[in-house]
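Everything below concerns the one structure shown next.
What you are looking at is a predicted structure, and each value in this text was computed from that prediction instead of being measured. FYI, the numbering just counts along the sequence from 1.
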Amino acid sequence: MKKQHARLLFALCFLIVLTGGLLIACAPTPAAPTQPPAPAAPTQPAAPAATKPPATAAAPQPTAPPATKPAAAPTTLNIGADWEQNSLQPETDGIYMMRFGFLETLVGVSYDDKLVPALATKWDRVDDLTWKFTLRSGVKFHNGQPFNAAAAVFALKRAFAAKGADSSLQGATIEAQGADAIVIRTAKASNIIPAVMSDWATGILAKESFDAQDKVTTPIGTGAFKYVDWTRGQRLTVTKFDDYWGTKAKVDRAVFHFVPDGRTRATMLRTGEVHIARAIPVEDATALKNDAKVTIVNSPLRRFRAMFFNNSKPPFNNVKVRQAINYAINKQAILTGVHNGYGAVAEGPFVPGLPWSPTLTGYKYDVEKAKALLKEAGASDLAFTIVTYTGRPELPVIAEVVQQQLKQIGVKVDIQIVEYTPLEQQLLAGNYQATLLARNPAFRVYDPQSFLDSDYKTKGTFNISQYSNSAVDDLVGKATAEKEAEARYKLQQQIQKTVVDTDAISVFLSYYVQIDGYTKSVSGYRTHPTEFLLISPDISLTLP
């Protein structure tokens, strides 16, 4: 009996031990601590376990931080430019400084042909002679100094006094009204003062830009790009301005390469030396259209090509001679043969369709009528010289075509090709007979009145035609003072009809189409209608 009881007790103990081992084996493994604790020293030996305890899990290794993405390489946009400034003075070369993105004016011109706020947020006409401009707050110059009314007055006083300033500014005064407004008072009533404030010659540079002789040493503007350096005849460099008040530039740096030869600019675009090339010749544009790496864009501009006569000297002081030459030139043949059909035949200085563009009679190609007019003028054995320049490669070619066409009416033409800068002074002084030029009526002030005043008034600031007609002078004065737009447009149309249809002061040849190109890595490039801008904050560059 005792033996049987002992056997039962042993079996029961064995069962209990076996069951506990199974429970331990089936239990979930506890999570291992990130750093296992040091085991405590036992005070006495532990009894041997019936089952092997579960192994302690190894501590995990520290997790490596995620790899940091390398910073993007700075983007440098290379641009092939067709023109280079002669100086860094805004009153003479501000057009280039605006194109390069570091100079701004109170009023801007948008890509859709409208006057828009820039450094001024609004403008109000206080009375016939007074305009108030409210300035944009929070604008900084590139040296960190604030733009305010005092800075605007300093810059604009220089512009108002400069040679070649718009005639509406003659006798004008300017003063600050607090820190955020300026007031301009003109000597005569003018409706175009807001447009005059878009003239690149009124661009705002900080006082620190000038030395004691009033010469710019380093231009300090407010644009989306900041001037870095200029190597004459080679390049000009700008960088992104991080504190710009408007849309921040998408490229870090831009280099403008001065390449006067259009075919060379086209080659540089094709080989990738530049990302944007401006003013590509027609023959190169046709070939580049088939290049998968390049985009070609054709943009109609306000610019026209014309042969200007010196109306004050023989033989072109005779209106019949001027009319004869107009009839003798086949404009369509020039458009087709020289420009491959790009553009349109011109009759006057403004493209058709504008509110101030009249319907002109013009001069249709008629060799016999040209001969008859020369006979009436008593201009037998007529000979003269056309002077033109290299900056626009099509102009010398047009001169050669005109030379051949005028042979049909017995007129002998010589051609002289020079650089533009000395030529302009020669033309303004009246030291020429005829010249071939490209002219943009919106080149400085985005309003037709400024162009009509400068080019066709007897003492206009760009009256290279040496033209004088008291009736036109009177019409220009009336249009300048006229407040109602429709009435002003009618006066401006009458001026053009007199200049073109009655006085034939020039031969208007064609309206301009700008041909630019850019690589597929460029986004956001557009040709500006006034040619004021070449780079904008919207341009981006995707590097391979």
Side-chain angles (χ1 to χ4, degrees), residues 79-83 95 99 109-113 259-270 274 276-291 294-308 329-354 357 360 362 388-402 420 436-443 446 448 451 506-519 522 524-536:
I79 300 172
D82 49 339
W83 292 90
I95 178 64
R99 285 178 180 175
V109 180
S110 68
Y111 279 90
D112 58 352
D113 274 352
V259 185
D261 182 69
R263 306 214 69 174
T264 303
R265 290 194 300 274
T267 299
M268 292 173 73
L269 178 66
R270 183 166 46 247
V274 297
I276 298 171
R278 186 179 135 86
I280 295 173
V282 170
E283 57 271 26
D284 292 286
T286 303
L288 283 168
K289 278 186 176 181
N290 299 320
D291 190 327
V294 171
T295 297
I296 296 295
V297 56
N298 308 320
S299 305
L301 300 177
R302 298 284 177 89
R303 186 177 291 277
F304 64 86
R305 301 178 186 87
M307 183 162 70
F308 291 73
I329 292 178
N330 188 336
K331 302 177 186 180
Q332 185 60 54
I334 292 173
L335 185 71
T336 303
V338 178
H339 308 301
N340 282 14
Y342 284 88
V345 166
E347 295 295 348
F350 293 102
V351 297
L354 298 172
S357 297
L360 296 166
T388 190
Y389 56 101
T390 56
R392 297 193 178 276
E394 77 277 10
L395 295 181
V397 180
I398 295 173
E400 293 177 0
V401 175
V402 169
Y420 179 76
L436 272 169
L437 295 181
R439 178 88 170 105
N440 185 344
F443 180 64
Y446 197 69
F451 169 80
S506 303
V507 180
F508 294 93
L509 294 168
S510 59
Y511 299 117
Y512 210 93
V513 170
Q514 177 88 1
I515 307 175
D516 294 341
Y518 56 89
T519 64
V522 172
Y525 176 75
R526 291 186 288 173
T527 302
H528 195 268
T530 64
E531 304 177 74
F532 282 8
L533 302 178
L534 180 49
I535 189 172
S536 78

Where Leu509 and Ile398 come nearest, the two heavy atoms and their spacing: CD1-CG2, 4.0 Å
Test side-chain contact (heavy atoms from CB on, under 4.5 Å) applied to Pro396 - qualifying residues, sequence neighbours left out: Thr388, Ile417
Evaluation steps, side chain to side chain contact (heavy atoms under 4.5 Å, CB included), between Ile535 and Ile276: CA-CA 10 Å; Ile535 189 172; Ile276 298 171; over 6 Å; no
Among Phe443, Tyr512, Tyr511, Phe508, ring pair (Phe, Tyr, Trp, His ring centres under 6.0 Å) partner for Phe304: Phe508
Distance in Å, Asp291 CG paired with Leu269 CG, rounded so as to fall on 0.5 Å steps: 7.5 Å
Distance in Å, Lys331 NZ paired with Ile329 CD1, rounded so as to fall on 0.5 Å steps: 8.0 Å
Shortest non-hydrogen contact between Ala266 and Leu288, atoms and distance: CB-CD1, 4.1 Å
Plane angle bin for His528 and Tyr111 - parallel if under 30°, tilted between 30 and 60°, otherwise perpendicular: perpendicular
Steps toward side chain to side chain contact (heavy atoms under 4.5 Å, CB included) verdict (Thr267, Arg263): CA-CA 6 Å; Thr267 299; Arg263 306 214 69 174; 5.5 Å; no
Separation of Trp83 CH2 from Arg99 CZ (nearest 0.5 Å): 9.0 Å
Heavy-atom closest pair, residues Leu534 and Ala81: CD2-CB, 4.4 Å
Over all atoms of both residues, closest heavy-atom pair of Ser357 and Pro352: CB-CA, 4.2 Å
Show me the donor-acceptor pairs within less than 3.5 Å that the side chains of residues 294-303 make with the rest of the protein, sequence neighbours left out.
{"unit_1": "Thr295", "atom_1": "OG1", "unit_2": "Lys520", "atom_2": "NZ", "d": "3.1"}
{"unit_1": "Ser299", "atom_1": "OG", "unit_2": "Thr527", "atom_2": "OG1", "d": "3.3"}
{"unit_1": "Arg302", "atom_1": "NH2", "unit_2": "Asp113", "atom_2": "OD2", "d": "3.2"}
{"unit_1": "Arg302", "atom_1": "NH2", "unit_2": "Tyr446", "atom_2": "OH", "d": "3.1"}
{"unit_1": "Arg303", "atom_1": "NE", "unit_2": "Glu531", "atom_2": "OE2", "d": "3.0"}
{"unit_1": "Arg303", "atom_1": "NH1", "unit_2": "Ala438", "atom_2": "O", "d": "3.2"}
{"unit_1": "Arg303", "atom_1": "NH2", "unit_2": "Glu531", "atom_2": "OE2", "d": "2.9"}

Option passing side chain to side chain donor-acceptor pair (under 3.5 Å) with Ser510 (candidates Glu394, Arg305, Gln332): Arg305
Nearest atoms (heavy-atom pairs only) where Leu436 meets Tyr389: O-CE2, 3.7 Å
Steps toward side chain to side chain contact (heavy atoms under 4.5 Å, CB included) verdict (Arg265, Asp82): CA-CA 8 Å; Arg265 290 194 300 274; Asp82 49 339; 3.4 Å; yes
Atom of Thr530, atom of Asn440 and distance for their closest heavy-atom approach: O-ND2, 3.6 Å
Contacts of type side-chain contact (heavy atoms from CB on, under 4.5 Å), residue Ala333, not counting sequence neighbours: Asn330, Gln405
From CG (Leu395) to OH (Tyr420), nearest 0.5 Å: 11.0 Å
